[in-house]
Amino acid sequence: MSNQETMFCFQCQETAGNRGCTRVGVCGKTSDVAAMQDLLIDTTKGLSAITTELRKEGKAVDQDINHLISLNLFTTITNANFDRKVIEMRIEKTLEKEKELLSQLEDTSALPEASLWQGGKDEYMDRAGKVGVLATENEEIRSLRELITYGLKGLAAYSKHANALLKDNEEVDAFMQRALADTLDDSKSIEDLVALALETGKYGVDGMALLDAANTAAYGNPEVSKVEIGVRNRPGILISGHDLRDLEMLLEQSKDSGVDIYTHSEMLPGHYYPAFKKYDHFAGNYGNAWWKQKEEFESFNGPIVMTTNCIVPPKDSYKDRLWTTGAAGYPGCRHIPGEIGEEKDFSAVIEQAKQCKPPVEIEQGSIVGGFAHNQVFALADQIVEAVQSGAIRKFVVMAGCDGRMKSREYYKEFAEKLPEDVVILTAGCAKYKYNKLDLGDINGIPRVLDAGQCNDSYSLALIALKLKELFGLEDINDLPLAFNIAWYEQKAVIVLLSLLYLGVHNIHLGPTLPAFLSPNVLKVLINEFNIGGITKVDEDLKTMIG
Ligand code: SF4
Ligand code: SF3
């Protein structure tokens, strides 16, 4: 691989043929952008090797460097940033920081080549061809390196959201950087890398805890909430992605503008936080999971702000209404700048909205959510009683991502066919496959308990641990709890590694198993954790629910 005509990416569930995207991404990523992402990852690993050595020498690493590294990783997550110029700019910045920090290091002998390479922009493409995924020839080592790298991308995304709320965890950052450096270290064995993958899960839990603490300190604990899915008659702004700080700024700046704010996809849980309930113009949720955005952004009529992934390459009909901010980017779409701690300026978006027609109504009614840990703990007595009386037989965690593959209809069917005494615990955009079905309740407890965004899978883990305590069990795997997780992008990888770290066995992962897991790495996960895929709904209902 030495030119921009070839690429290799297999980081997401929709990778071509469940093997790898090689000319253009199924997501729409072009080969030159893929190459620049490969180089950005390599330079970020190089910088991380330097910061790791600096820490070993007892020197402090600036928070700005930690933030730079997290944002670099986040920028390469599936569907976050398609803008080659932005990625090149981040490579340049990273190389500058490498140079600066190298001069502070006493001993540079342990550094990998990636820490020392300093090429100009005209050399980027050539270098990218040498440092992509396939540069690691051994299939097992490659698989583990990518598993760890993807987990770290997810962790970086969650850290970045916590950082936006001025919360940092130096231990998480130091680990992230050490682990990135280790993925370049040829002396690491398969066993070392398996251990590192599980350690990544430990820090995944810490990273999600950091974000949970940041979100709840800033906006209160999510509470049971009814969210409208119809529309009002004023123009609207649609905000998507995961960044709650962006949502807060937009709500505040638009409050007397005559424009309503609607959430899309992973921003839906914004409605569950008490702090946002005071805004009368916070109208509801519009549309579904990310992959339906082409139709839904068209009919929304107003501007759309993508705060993170998932962006689908936009149609011309609404491209001038699509704005990005933070790690998100798309060439030709306007970007709202703003560093951590700065107030972003959404006035141009608000002005554009005023000129737009109100959204076209595509659905009516409401959905209920807000079952994060605090709210569920408040209902603990009711839940324990329902389990003890037999009214609730089992819980099934169906967290994760949604996606466009037909095979994902499985999750809707699975939810529909679940026996009526089974409760779904969900988080992430996976929920759009069943959160508008009328699945009823059990003694007042809804059968779909939505904790929030994908990072709120942390809440689901806390709920499981609480149930274990309440039922006096030794092992989380003794709970009446099954895991049927849908994955798509790399945040789901950190959620998975976190669950493994917490000792959860028998996780079913679908709709397909990750292409980046080599047969032998998969064998390890099966042997140690009994991970499995999915089959047919009826069969899986038998094995998972009984
Ligand atoms: Fe292919 Fe997924 Fe990579 Fe996009 S992110 S290029 S769809 S593997
Ligand atoms: Fe969805 Fe992209 Fe994963 Fe945060 S928004 S869960 S796919």
Side-chain angles (χ1 to χ4, degrees), residues 6-38 41 74-82 132-134 146 149-150 153-158 160-161 208 211 239-244 263-270 285 287-293 306-313 326-328 398-405 408 411 426-433 435 450-458 460 485-496 509 511-512 514-517:
T6 46
M7 66 183 268
F8 187 82
C9 181
F10 62 174
Q11 65 174 355
C12 82
Q13 189 272 328
E14 292 188 357
T15 194
N18 208 29
R19 299 177 69 86
C21 295
T22 52
R23 280 201 315 275
V24 65
V26 172
C27 60
K29 182 161 82 177
T30 52
S31 58
D32 61 326
V33 170
M36 288 307 102
Q37 290 189 355
D38 286 347
I41 289 296
F74 196 175
T75 302
T76 69
I77 278 189
T78 299
N79 294 342
N81 203 310
F82 294 81
V133 169
L134 299 178
E146 296 310 313
T149 303
Y150 302 154
K153 288 186 183 194
L155 176 54
Y158 295 153
K160 156 75 173 55
H161 292 312
M208 286 193 275
L211 178 53
I239 179 166
S240 189
H242 305 68
D243 198 305
L244 295 179
T263 53
H264 169 256
S265 193
E266 274 285 72
M267 202 56 94
L268 157 66
N285 189 71
N288 293 277
W290 63 274
W291 59 278
K292 285 192 172 164
Q293 66 187 246
M306 299 297 309
T307 66
T308 67
N309 56 329
C310 279
I311 302 174
V312 173
M398 293 178 72
C401 311
D402 197 8
R404 58 197 134 192
M405 279 185 169
R408 286 184 190 260
Y411 294 102
T426 191
C429 66
K431 62 174 147 280
Y432 284 96
K433 278 282 185 279
N435 67 347
D450 176 23
Q453 298 179 330
C454 48
N455 49 288
D456 295 310
S457 300
Y458 172 70
L460 303 182
I485 305 232
W487 83 285
Y488 171 55
E489 35 80 326
Q490 298 76 56
K491 295 179 203 181
V493 178
I494 194 62
V495 170
L496 174 70
L509 195 61
T512 51
F516 58 80
L517 293 179

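Numbering of ligands and ligand atoms starts at 1, following listing order. Note: hydrogens, waters and symmetry copies are ignored here, and every other heavy atom, side chains too, is used.
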### Message
Between Thr263 and Asn285, do the side chains contain a donor N or O and an acceptor N or O under 3.5 Å apart?
### Response
yes

#### Entry: Thr308 and Lys160, any side-chain heavy atoms less than 4.5 Å apart
no

### Query
Would you say Cys27 has an N, O or S atom lying under 2.8 Å from atom 2 (Fe) of ligand 1?
no

Heavy atom of the protein closest to [atom] (residue, atom name, distance):
| atom | value |
| --- | --- |
| atom 3 (Fe) of ligand 2 | Cys401 SG, 2.5 Å |
| atom 1 (Fe) of ligand 2 | Cys429 SG, 2.3 Å |
| atom 5 (S) of ligand 2 | Glu266 CG, 3.5 Å |
| atom 3 (Fe) of ligand 1 | Cys9 SG, 2.3 Å |
| atom 2 (Fe) of ligand 2 | Cys310 SG, 2.2 Å |

### Query
Any idea how His161 and Phe74 line up, ring-wise: parallel (<30°), tilted (30 to 60°), or perpendicular (>60°)?
perpendicular

### Task
Return the orientation label for the Tyr488 and Trp290 ring planes: parallel under 30°, perpendicular over 60°, tilted otherwise.
parallel

#### Entry: N, O or S atom of Cys21 closer to atom 1 (Fe) of ligand 1 than 2.8 Å
yes

### Message
So does Ala427 get a backbone contact from the side chain of Ser457, meaning a donor-acceptor N/O pair under 3.5 Å?
### Response
no

### Distance filter under 4.0 Å to Met7 heavy atoms, resulting ligand 1 atoms
6 (S)

